[in-house]
Amino acid sequence: MPETATHVDPRRWKALIFIALAQLMVVLDATIVNIALPSAQADLGISDANRQWVITAYALAFGGLLLFGGRVADLWGRKRTFIIGLVGFAAASALGGAAVNEGMLLGARALQGLFGALLAPAALSLLAVTFTEARERAKAFGIFGAIAGGGGAVGLILGGVLTEYMDWRWTFFVNIPFAVVAATGAVLVIREPSESRNPSRLDVPGVILATLGLVSLVYGFTRAESDGWLAGPTVALFVASAVLLLAFVVVESKVKAPLLPLRVVSERNRAGVYASLGLAIIGMFGLFLFLTYYLQVVKGYTPVVTGLAFLPMIVGMITGSTQIGARLMTRVRPRLLMAPGFVVAALGMLALTQIDLDTSYPALILPAFLLLGLGMGTAFMPAMSLATHGVQPRDAGVASAMVNTSQQVGGAIGTALLNTIAASATSAYAASHAAGAPSRDLLKLQSMVHGYSTAIWWAVGILVLAAAIAFVLVNTGHEGGGSPAASSGDGDAKDAAAGDEVPVPVMAH
């Protein structure tokens, strides 16, 4: 029996509460500000051209610095990084809520992204090194996966309530109690294994290349949404991103203590997780965006009712994650949960391609939301666990950061790609139906719905691709038996034989 199995932290379940609370805060913030943006824009006099920066400033800092944040967690210690991230995030949120002008708000959003990039990988890697027994790990990651999957929709509900009944500033201030409670709990109950740190020197060239490369990529998709895919600045950003990230890979293969050890991403199971999760998030982010506008603009729902309309998806995600994924993870291979989960989500998305001006919420949207939630919850749960399963403890932070990076970059790509597709389809429909339209307002709504359904068709295809990648690349055995090296195919076995990777003990053998 491994030594780690005999020294179980008696306060690990209490620790999970505070880790999950911090993760909920970070995920909430990704969507809660969207609902409040129109009010904040009017209050602070932000122009239409600059309003996107309220979202983009956060995305650039968060997505660009995640790998750095994961490496800092390995270097400083996850608990310390976790607490610093919470305190910094709370301070940045207070600054955003108190903003008196555009510059102050944008600066606060960038700071939120920076501290979020410290907090998110520290939270996931703390979970990875705290829960090492297979069944407990399944339950813990089931809860974490449900929060990661459903938190965005919760943000829509909370954002609607706070904006409609209080003030847009509370979408920032609400983070402060979350952070205070989570930081206090972390100080009192979280214990990090001392041997899990990575004391190697920080790879400064890797940090610079990865940060600039990811920022260029995220910003490139943001510019594509506003300027077009073939615009000079957009193309330049994509080319710069490709060159910088290629240089990053070359540097990482040469240095002694890389920011991202290539063994973390070259192992086929983790590569499959990162790729399939990123694709799934591309589809889901577009869905949240389109359906929020559809429910408010086309159906006439208030912000609060719009948020409540997403509740069945949250229920489905929690059910899929805790009652299906967590219960089956120790008995079923991950790909037999991930691939079917993404397919079920694709079926829910497929139903939403049929929306029109008078679509019934109970008859079509409600069952589609339930299918989406169940599918994504079932797939997210084993994916979150497998992303950090079998890595050395000293690599847990950067492996966790890669999960968040794939999600964040996927979100940026999804928002830009699907928004561009929807806008093009909307314009084409309006142009082709202008002659016979009974009214301009009706044509506008019909064009909008056509654009949304066209983009949702693309999201269906993206989810099917995610399912295929998960089924083909993820070949490890279930986490209830056998070591990763023994059950995950040649890639793991070779890594273990080469001494590149000693799997973390996850159960009593």
Side-chain angles (χ1 to χ4, degrees), residues 56 59-72 74-75 113-114 117 121 198 200-225 227-279 281-282 387 391 395 397-417 420 462 465-466 469 472-473 491 494-495 498 500-501:
T56 304
L60 288 177
F62 190 53
L65 294 170
L66 270 168
L67 283 177
F68 173 66
R71 182 64 184 88
V72 167
D74 289 335
L75 183 64
L114 186 154
N198 185 347
S200 303
R201 293 180 60 185
L202 188 62
D203 170 23
V204 176
V207 169
I208 294 172
L209 289 169
T211 301
L212 291 178
L214 289 172
V215 165
S216 297
L217 182 63
V218 173
Y219 189 36
F221 277 99
T222 302
R223 290 297 296 263
E225 183 181 357
D227 299 348
W229 294 97
L230 299 179
T234 304
V235 174
L237 284 165
F238 284 139
V239 171
S241 174
V243 171
L244 288 164
L245 292 177
L246 181 60
F248 171 71
V249 172
V250 172
V251 168
E252 297 309 276
S253 67
K254 304 291 185 183
V255 297
K256 290 184 178 179
L259 172 69
L260 175 62
L262 296 183
R263 60 179 175 268
V264 172
V265 292
S266 61
E267 196 275 308
R268 65 180 291 167
N269 291 286
R270 281 188 292 279
V273 166
Y274 300 145
S276 60
L277 266 184
L279 285 168
I281 293 296
I282 287 175
V391 298
D395 290 337
V398 74
S400 302
M402 278 300 301
V403 178
N404 288 282
T405 300
S406 66
Q407 291 178 313
Q408 188 65 23
V409 173
I413 293 172
T415 301
L417 175 64
T420 303
I462 290 168
L465 180 59
I469 289 174
V472 171
L473 288 184
K494 289 176 182 177
D495 282 347
D500 286 340
E501 191 165 51

By the salt bridge (Lys or Arg N to Asp or Glu O under 4.0 Å) test, which pairs, at least two apart or in different chains, include something from residues 399-410?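 Every candidate salt bridge (Lys or Arg N to Asp or Glu O under 4.0 Å) pair involving residues 399-410 fails, so no pair, neighbours aside, qualifies.
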
What salt bridge (Lys or Arg N to Asp or Glu O under 4.0 Å) pairs are there with at least one residue in residues 227-252, not counting sequence neighbours?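 Those involving residues 227-252 are R223-D227.
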
Pairwise ring pair (Phe, Tyr, Trp, His ring centres under 6.0 Å) hits with a residue in residues 236-264, at least two apart: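 Every ring pair (Phe, Tyr, Trp, His ring centres under 6.0 Å) pair that includes a residue of residues 236-264, provided the two are not neighbours, is F221-F238.
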
Does a side-chain heavy-atom distance below 4.5 Å link V255 with P205?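 No; the side chains remain at least 4.5 Å from each other.
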
Non-hydrogen side-chain atoms of M402 and L67 separated by less than 4.5 Å: yes

All side chain to side chain contact (heavy atoms under 4.5 Å, CB included) counterparts of [X], not counting sequence neighbours:
| X | value |
| --- | --- |
| V207 | F68, L202, T211, L259 |
| A224 | W229, T234 |
| A61 | none |
| L246 | none |

Atom pair [atom1] ([X]) and [atom2] ([Y]), whose distance is rounded to the nearest 0.5 Å:
| X | Y | atom1 | atom2 | result |
| --- | --- | --- | --- | --- |
| I462 | L417 | CD1 | CG | 5.5 Å |
| L212 | L217 | CG | CG | 12.5 Å |
| R270 | L473 | CZ | CG | 13.0 Å |
| L65 | L60 | CG | CG | 10.0 Å |

I need the minimum non-hydrogen distance between [X] and [Y], along with the two atoms involved.
| X | Y | result |
| --- | --- | --- |
| I469 | A275 | CG2-CB, 4.1 Å |
| V251 | G206 | CG1-N, 4.5 Å |
| S253 | L262 | CB-CD1, 3.8 Å |
| L66 | P121 | CD2-CD, 3.8 Å |
| A387 | A399 | O-CB, 3.8 Å |
| V403 | L277 | CG1-CD1, 3.9 Å |

